[in-house]
Each structure stands twice: as C-alpha cells, then as structure tokens.
Trainee: 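Here's a structure for you.
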2 protein chains.
Amino acid sequence: MAEFVRTEGVPVYVQIRESLRAEIAQGLLKRGEQLPSENELAAKYNVSRMTMRQSIEDLVDEGLLYRRHGVGTFVAYPRLQRDHTRLTNFFDKAENEGFRAQAKLLSMEIIPAAPKVAEALDIHTGSRVIRVKTLRFADGVPVTVHDAHIPYKLFPNLASENLEIQHLWTIFEKAGYRVKRAVQRLEAREASKEVAQLMKIKEGAPVLFKERTVYADDGTPIEFTYCYNRGDLYSLTVALER
Amino acid sequence: MAEFVRTEGVPVYVQIRESLRAEIAQGLLKRGEQLPSENELAAKYNVSRMTMRQSIEDLVDEGLLYRRHGVGTFVAYPRLQRDHTRLTNFFDKAENEGFRAQAKLLSMEIIPAAPKVAEALDIHTGSRVIRVKTLRFADGVPVTVHDAHIPYKLFPNLASENLEIQHLWTIFEKAGYRVKRAVQRLEAREASKEVAQLMKIKEGAPVLFKERTVYADDGTPIEFTYCYNRGDLYSLTVALER
DNA sequence: GAGTGGTCTAGACCACCCG
DNA sequence: GGGTGGTCTAGACCACTCG
C-alpha cells in the first residue's frame, strides 16, 4: 500500500475522506466489506483517532459507510448518488447531468408581495419583492418556467444583474447569503395556456409543479418560486431519510 | 445562571445539546442572537472544547444554529418543520396530517423481477420478487395506487401478512431491516386507463408519479415502488440541503 | 491584533458485541 | 476477554473576520 502523503492547504480529514471515497468508488473497498478499525486506520494515515473519526463521520452521514457499535465500520451496499439528494440549481444540474443549460429572461418587475409570497418570505404582505420570470432550456428545448420572488430589501441591486448568464444564487452569495436549504412542495398539474405556449406543449398536458422556498444558512428565506416543469421531459430525484 | 449538572448514563454532549435546544425553544436564546464563544461555553459547561463543539455541531446540522468562521455561532431564524424532510409512510403521514388512512389490497403475486426492478433492488433479472398492489384512501377518497416490489429472498413470509392493516415497513422491521432512507424520482404523468379507473379520475388527468427505492440502514435495497398519486388531491413536500 | 471558529493531537475510559 | 466504536480531555496551532 502506498504511503499517505498530506497535501498542504487541505484539511487532513478531507484528504483522508476523499481517499476513502475513492477506494470505495474504485471497488478497492467492496460493498459490505469491513474497514480496518479506527485505530488501525489512524495509524495507517498517521493521524489521531479523532481526526480519523471525522473523516469516517462524513462518509457515514453521506450513507457511504455505516458503523455498528462493538463490531466495526462497513461499506454500505448501494452506490447512492448523494448528488441527487442535494439542493442544486439548474446550471449545476446541467453540469452534472450533461446537458446544455440556457435561461431566457421573460420579465423582471418590482411588485407588492401577495399574501402567500409574503408568508413564505417572512415579510409583510405588500412589501416590495422582485419578481423574475425566466424560461429555461435544456439542450435548446424549453423545459421549465421559473417564477421567482425575492425580497427587494435584501437584494436592492438585483435588477442590474444579468440573469441569463448567471444564476440567482450566485448573486445571493455575492451579497453574503449562503444558500443552504430549500423546502419544496410538488404537485402534478395541467398546463395553463401561458405555460403551455411558453414550453410548446398542449394546454392541459401534465406539468410537474414545484413551489419552493429557499433559505440561507442563517435561516433567512431569500427566494420563493413557482416552477412549472414539462412532465414528459423533466423528473426530479430526491432522497429522504427517516 | 444555574450550574450545569451532569446526569449519569447520558453522554454529556447530548445533555448540553438538549440544554441549548431548550434555551432556544424557550426563547432564552433569540433568533439571530450570538452564542458565547466555544471557549466560554466549554468553560460554562465544564467540558473540553471538542465536546462543546460536538453539541453545537448537531444543532448546526439540524439547522437550529449556524456558524461564521472568525465571527461566531448564532441562532438561526425560522423553525423549519424538519418533519417535512423526513421519510414517512402513508399511515404515519395520515397521523401527522390528520386524515383517515385506509389501504385496499388489489393483488399480491410472486413474479420474476423485470430488469429495471432488479437493478433497483440489486438482484438478478428474473429473481423472484413479491409484487404488492394496493389502493390507498384518504378519508375514504382513493388518492394513490401503490405498486411495490420486494425481494422474495429477504422476506419469504411476506405473503402471509395482512397488508391492509399494517404497513410493509412494519414487516421489514420485524425481520430486522431498519428502514433508513429512500430515493424517489418524481414525474408528472397522464393517468393510464387502469389508474384512472381505480382513482375515479379521467384518463389523461395529471398524476404525480413516484418511483421509489427504499433502503435499510446498511444500504440494502428492500423495496422498489411505483406510486401514482392523484394530481388534484396529493402534494408532496420535501426539503433539500446543499 | 484580538477574538472567533476550524483543525489536530495523544492520550483515556466506557459501552457494546462476539466467540 | 479482546476488539470495536462512543465519548471525552487539555491542550495546540491555523484561518478567518473585524475594527
């Protein structure tokens, strides 16, 4: 076995974690196989056991490993794509899944928040929100109508940004809001006339409707969006835990 | 401030975590408020800083607190219902949301696994699977057609169970498989003739289609299900993290 | 520069599982 | 009893943020 060499600038536990992940991905560690004990691994990587545990902890959280108290640490069975579980935006998704993403700005306006929008964003009804409507294309085919509402107070300069080449979230992060989580409600609906025209489908065709609130890591709601996805071309994968 | 008293038998970091959680719940620590530094907290609770960090870590993972490197640790803003994030079954969901759940067994058969089913369950194509179809009612209205596939090898006695009064998962757990997570793919589809008849909707009406693989905590796939939910009555809420 | 969280060490004892 | 993971300590230095 090759000796482990630390790289400067990257935390050791991250390096070890990725090294383990690679071993699993390459099949050096097989499904169901028991890992060496934490003490052995710590010795192998020349770190303290606490550091070793931190690496393992991350992979357990991801579902790649599991532990049995008094028994050992094992490689979990299926290769769950944790990616699918993660909150991503349209452009990241395109990169992962290998399609070409484009967005066309349909409209941008500053309007008073409707009650439902206000509740989701935790602002007063009637407070100003920026409403951004975009049409999104995968490999040139329109797949999603995206209708976002953002509190004006949080991002007063949003209107001056080019939203066709960068994602809203990029702008949020530039303003110091780290996008952390989203809660989304999903429904199957019939396409309205407007949505049908935009996506070039029949009125009444099935559409995956998504109502989403996005939160920064301090818990501030920063975006509330209605999303209409073409039923025949779009699917959404999520993972849930008990 | 009252002195912190350790209880025997419960890990200290759990006690501290719950103590902090209570302070937040009771409003002693307010939204957005900065906590004392980790060193101060460690001193207050009379533990090492590493132990203190473990308590905080858990609450950060839950989204109750957030940290800013070089700045401090803060109480996050809204209380997200973590419930929505969790994997639940139809009967639990009914209990939470306050509707009356019923299931009607449509069919149960032992068949060879189709390629797609086999891949999801990580068994060979043609291996025996138990296919259980049920129709599910909320307050007496049919809302879901549930078409589950379970590896026969794992649960050979499944066929003798009454599936109208207990959930599949109850049976899995009796057999020693802890249901841990599920990956589900969602689509909007048109109702087929069969599905439409069962749920008393029009053929072609929008249906929220869900393809779900359920895993035990060691990663074994134990159930693969096609689920057809009435679009006009059913919605699904999920939370995603980055 | 002072204060914060982020990483890391080299130990220790405990709780659990198995043969 | 022997090995495993679970918890915990008392330090240390680093990276980041802010005034």
Trainee: Using a cut-off of less than 4.0 Å, is there contact between a side-chain N or O of A:R67 and OP1 or OP2 of D:dG6?
Mentor: yes

Trainee: Contact class for A:E40 vs. all strands (heavy atom < 4.0 Å): base, sugar-phosphate, or nothing?
Mentor: sugar-phosphate

Trainee: Which pair of non-hydrogen atoms, one from A:M108 and one from A:V132, has the smallest distance, and what is that distance?
Mentor: SD-CG2, 4.0 Å

Trainee: On DNA chain C, check which nucleotide each of A:M52 and B:G72 is closest to and give me the residue with the more 5' one.
Mentor: B:G72

Trainee: Taking the six-membered ring for Trp, are A:H149 and A:F224 parallel (under 30°), tilted (30 to 60°) or perpendicular (over 60°)?
Mentor: tilted

Trainee: For A:G9 and A:H69, find the nucleotide of DNA chain D closest to each by heavy atoms; which residue's nucleotide sits nearer the 5' end?
Mentor: A:H69

Trainee: Look at the side chain of A:R53 and decide which nucleotide, out of C:dG6, D:dG5, C:dC8, has an atom nearest to it.
Mentor: D:dG5

Trainee: Does D:dC8 have OP1 or OP2 under 4.0 Å away from a side-chain N or O of B:T51?
Mentor: no

Trainee: Please determine, by modelled atom types, if A:Y45 and A:S55 share a side-chain donor-acceptor pair under 3.5 angstrom.
Mentor: no

Trainee: Pick base, sugar-phosphate or nothing for B:E57, based on heavy-atom distances below 4.0 Å to the nucleic acid.
Mentor: nothing

Trainee: I need the CD-C1' distance between A:Q15 and C:dC8, as an integer number of Å.
Mentor: 13 Å

Trainee: In whole Å, I'd like the distance from the CD atom of A:Q54 to the P atom of D:dT7.
Mentor: 15 Å

Trainee: To the nearest Å, give me how far apart CG (A:L41) and P (D:dG6) are.
Mentor: 13 Å

Trainee: Whole Å only: how far is the CZ atom of B:R17 from the C1' atom of D:dG6?
Mentor: 14 Å

Trainee: A:N39 has an atom CG; how far is it from atom C1' of C:dC13, in whole Å?
Mentor: 13 Å

Trainee: Just the rounded figure in Å: distance from P of D:dG11 to CE of A:M50.
Mentor: 16 Å

Trainee: For the side chain of A:V71, starting at C-beta, report the closest nucleotide among C:dC13, C:dC17, C:dT9.
Mentor: C:dC17

Trainee: Just the rounded figure in Å: distance from P of C:dT9 to CD of A:E38.
Mentor: 14 Å

Trainee: Where the side chain of A:S48 is defined as all heavy atoms beyond and including C-beta, which of D:dA12, D:dT9, C:dA10 is the nearest nucleotide?
Mentor: C:dA10

Trainee: Under 4.0 Å from OP1 or OP2 of D:dG5: is there any side-chain N or O of A:T73 that close?
Mentor: yes

Trainee: Side-chain contact, heavy-atom cut-off 4.5 Å: A:E223 with A:R212?
Mentor: yes

Trainee: When you look at B:R17 and B:E62, which way does the salt bridge (charged side-chain N to carboxylate O under 4.0 Å, His left out) test go after all the steps?
Mentor: CA-CA 11 Å; B:R17 183 186 71 204; B:E62 281 185 47; 5.1 Å; no

Trainee: A:P11 has a side chain; which of D:dC16, C:dC8, C:dT9 sits nearest to it?
Mentor: C:dC8

Trainee: Whole angstroms only, please: what is the CD-C1' distance between B:Q34 and C:dG3?
Mentor: 10 Å

